[in-house]
Amino acid sequence: MKRKKRLIWQIFPSFLLITLLSLLAVSWYASSSMRHFFLDQTAVDLDVRAVLLEQQVVAHLLPLDPAAVDALCKEMGRLSATRYTVMMPSGKVVGDSRETPHLMDNHANRPEIARALAGETGQSIRYSNTLLQSMMYVARPIKKDNHILAVIRASIPTTFIDRELRSIQLKIALGGLLIAMVAAGISLWISRRITLPVVAMQENAGHFADGDFSRRLAAPDTEEMAGLADALNRMSAQLDRRIKTIVSQRNELETVLASMLEGVIAVDNEERIINMNAAAAGFFNCQPEESQGRDLQEVIRNSALQQFVRKSITSKIPTEDDISLYHNGEKTLHMQSSPLLDANKAQIGTLVVFNDVTHFRRLENLRRDFVANVSHEIKTPLTAIKGFVETLHQGGVDKPEEAERFLGIIKKHVDRLSSIVEDLLSLSRIEQEDEGKTIELEDGYVKDVFQSALQICRPKAQEKNIAISPDCDEETSAKFDATLLEQAVVNLLDNAIKYSEPESTIFLKAYRKDSEIKIRIEDQGMGIAKKHLPRLFERFYRVDKARSRTMGGTGLGLAIVKHIAQAHGGSVTVESALGKGSTFTIHLPVG
Ligand code: ADP
């Protein structure tokens, strides 16, 4: 860019030029007026000298005495440093201060002489061939009774006038130079006075441009500059207000976005990230500050998200879908997109909102699995019952032993169906009571629960010759629903008996540790492989399906225990290793 001239260097030279031109014009005018004045004065002076000589010359004209005239000219010329020449009307020189008259040529055609012969005073400045220098001549006629007797001419060299004039011109020039210097100083001072407020304003406007609106421009003396400063001040205040409003609005928006649990990503039509909130960054494991303006693909490497965003941009209508993420465990996000529109309703990108639906989807899956499991569990005994009933119907009744056996099998399946239904009903009742908080917890002794549970389980244990060793202080008490807690202990004891070898021992223990009552049921049975433990308390989960069925298990026993523990604000845990027995613990909070 071409470097701009400073304002002062535009104003100052113009001022200086105008001043110098004016000075030059005035000096020229003054010196030429002086020259005229001088010449005029000298002409008058020469005329006066001629008049003075005229009185003396007239006496020697009638009759003409050339020698006397010439002597007079020479004498007066010497005294007054003037050259006098006297000529007859014919132009013949009769007397001259410097030369010998008869050697001089006829002067009638000299301009000043010609005018004098015409009866007026003639004047001329020219180079004298006689004296070899520039001369000023004034000639006047000497008249008698209206007759021109002779012409008298006085002259002096113009070198004298020129010398005088030069000295005056020098003085004028020196004065002019002095004035020019003073004028230059004043011009500079005025230029500075004009430009200083502009420079100050420029500096302050620079602060505005840098975003510092705390300063205000001082009002300069001139009306226009003061108006400009005022306009700039108002503009700065206005800008300050607007920027503050924009910043606070942006901060509010950022705060809202940052505190949203839903992830939000805005991308433009070129799939570059316009904005991303903290929740979205958390989902995709990236930094929101570093992602702005970068390609979505570069920041989040996820092809499903890419395709979704691309589809949203091209389809220009709200879209939704699910996406699965696998860092920090599996996560399911529900994505909803809507087009981003500018003020003219033109699409500039798309806005995607992410909801973490992992829990929701898991529940959905659980429900789906549960329905499938229930159907499956019920279908198996129903199919068996149907088969045997049909066999009986088709004549099986005729063989009483067979019929007896079939009916036994049918009974077994019906029992199984009814235990499934019973367990399901228990489960849903506990769930409902837990959700509705209608379980009434009362202070009670755990030993009482043990006693009634043992009463139920002992016959089964005795069948397998299994000893149950209870160990519980008389005082161990907690807040519980006796029926539910008994059911939980029965379920665990029942399992322990089912999955233990005959002749073994089951330890039933209750004790207080910290702020918990722990109820432990420890067996010496077959144990459970580690991989099954995380899912053990799910509905219908069994380690060995066939074995569980033959044992009359529904796969719901542990799920019921878990729900009962939860309904008491507690939990159930298991420690087990294959072949080394299992220990189930119910944790009940105290206080
Ligand atoms: P089930 O009615 O089949 O016993 P549960 O929910 O009570 O169902 O138990 C789930 C599964 O956990 C059982 O099928 C069994 O494989 C395993 N299990 C439960 N208790 C024990 C235990 N004490 N010893 C070994 N395995 C057990």
Side-chain angles (χ1 to χ4, degrees), residues 30-169:
S31 82
S32 87
S33 299
M34 276 296 176
R35 188 180 155 80
H36 274 112
F37 173 75
F38 252 98
L39 290 176
D40 287 351
Q41 278 302 307
T42 313
V44 169
D45 184 40
L46 282 177
D47 193 34
V48 169
R49 292 185 201 188
V51 169
L52 287 175
L53 187 69
E54 184 185 334
Q55 306 306 320
Q56 299 174 53
V57 169
V58 166
H60 303 291
L61 287 179
L62 287 172
L64 176 69
D65 181 356
V69 172
D70 189 46
L72 198 60
C73 287
K74 285 194 165 63
E75 173 65 9
M76 289 303 285
R78 193 177 55 78
L79 289 175
S80 61
T82 311
R83 180 184 171 196
Y84 291 109
T85 311
V86 178
M87 283 135 287
M88 298 316 287
S90 62
K92 181 174 178 287
V93 180
V94 286
D96 188 82
S97 308
R98 302 272 181 91
E99 302 292 330
T100 315
H102 71 264
L103 292 178
M104 294 169 71
D105 21 306
N106 191 303
H107 274 47
N109 55 355
R110 302 286 200 276
E112 70 280 2
I113 308 294
R115 275 195 78 85
L117 287 175
E120 288 168 35
T121 303
Q123 187 186 322
S124 168
I125 296 172
R126 74 195 132 71
Y127 190 79
S128 158
N129 288 329
T130 322
L131 299 176
L132 301 174
Q133 59 182 331
S134 177
M135 302 285 290
M136 181 178 200
Y137 302 96
V138 172
R140 52 182 291 117
I142 303 172
K143 292 182 185 168
K144 177 112 195 226
D145 304 329
N146 268 341
H147 284 291
I148 296 171
L149 297 179
V151 173
I152 182 161
R153 186 180 76 175
S155 61
I156 52 167
T158 53
T159 45
F160 157 73
I161 303 167
D162 287 340
R163 205 180 312 122
E164 282 294 312
L165 264 175
R166 259 200 297 281
S167 126
I168 287 172
Q169 273 168 345

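We use all heavy atoms of the structure for the numbers below, so side chains are in, but hydrogens, waters and symmetry mates are not.
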Heavy-atom side-chain contact between [X] and [Y] under 4.5 Å:
{"X": "Leu64", "Y": "Met88", "result": "yes"}
{"X": "Ser134", "Y": "Ile125", "result": "yes"}
{"X": "Lys92", "Y": "His102", "result": "no"}
{"X": "Phe38", "Y": "Glu164", "result": "yes"}
{"X": "Ile156", "Y": "Arg49", "result": "yes"}
{"X": "Leu117", "Y": "Ile113", "result": "yes"}

On a heavy-atom basis, which atom in [X] and which in [Y] lie closest, and how many Å separate them?
{"X": "Met104", "Y": "Thr85", "result": "CE-CG2, 4.3 Å"}
{"X": "Ala154", "Y": "Leu46", "result": "CB-O, 3.5 Å"}
{"X": "Ser155", "Y": "Tyr137", "result": "CB-CD2, 3.4 Å"}
{"X": "Lys143", "Y": "Gly119", "result": "NZ-O, 3.5 Å"}
{"X": "Ala108", "Y": "Asn106", "result": "N-OD1, 2.7 Å"}
{"X": "Ala43", "Y": "Val138", "result": "O-CG2, 3.6 Å"}

Q. Does a salt bridge link Lys74 with Asp70, judged by any charged N lying under 4.0 Å from a carboxylate O?
A.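 Asp70 and Lys74: salt-bridged.
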
Between atom [atom1] of [X] and atom [atom2] of [Y], what is the distance when rounded to the nearest 0.5 Å?
{"X": "Asp47", "Y": "Gln123", "atom1": "CG", "atom2": "CD", "answer": "9.0 Å"}
{"X": "Gln56", "Y": "Met76", "atom1": "CD", "atom2": "CE", "answer": "4.5 Å"}
{"X": "Glu54", "Y": "Leu149", "atom1": "CD", "atom2": "CG", "answer": "9.5 Å"}
{"X": "Met34", "Y": "Gln41", "atom1": "CE", "atom2": "CD", "answer": "11.0 Å"}
{"X": "Ser128", "Y": "Glu99", "atom1": "OG", "atom2": "CD", "answer": "8.0 Å"}
{"X": "Leu53", "Y": "Arg140", "atom1": "CG", "atom2": "CZ", "answer": "11.0 Å"}

Q. Is Tyr84 reaching over with its side chain to a backbone N or O of Arg153, donor-acceptor style, under 3.5 angstrom?
A.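 Side chain of Tyr84 to backbone of Arg153, a donor-acceptor pair under 3.5 Å: no, none is there.
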
Q. Between His107 and Asp105, is there a donor-acceptor pair closer than 3.5 Å when you use the side chain of the first and the backbone of the second?
A.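 At least one qualifying donor-acceptor pair exists.
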
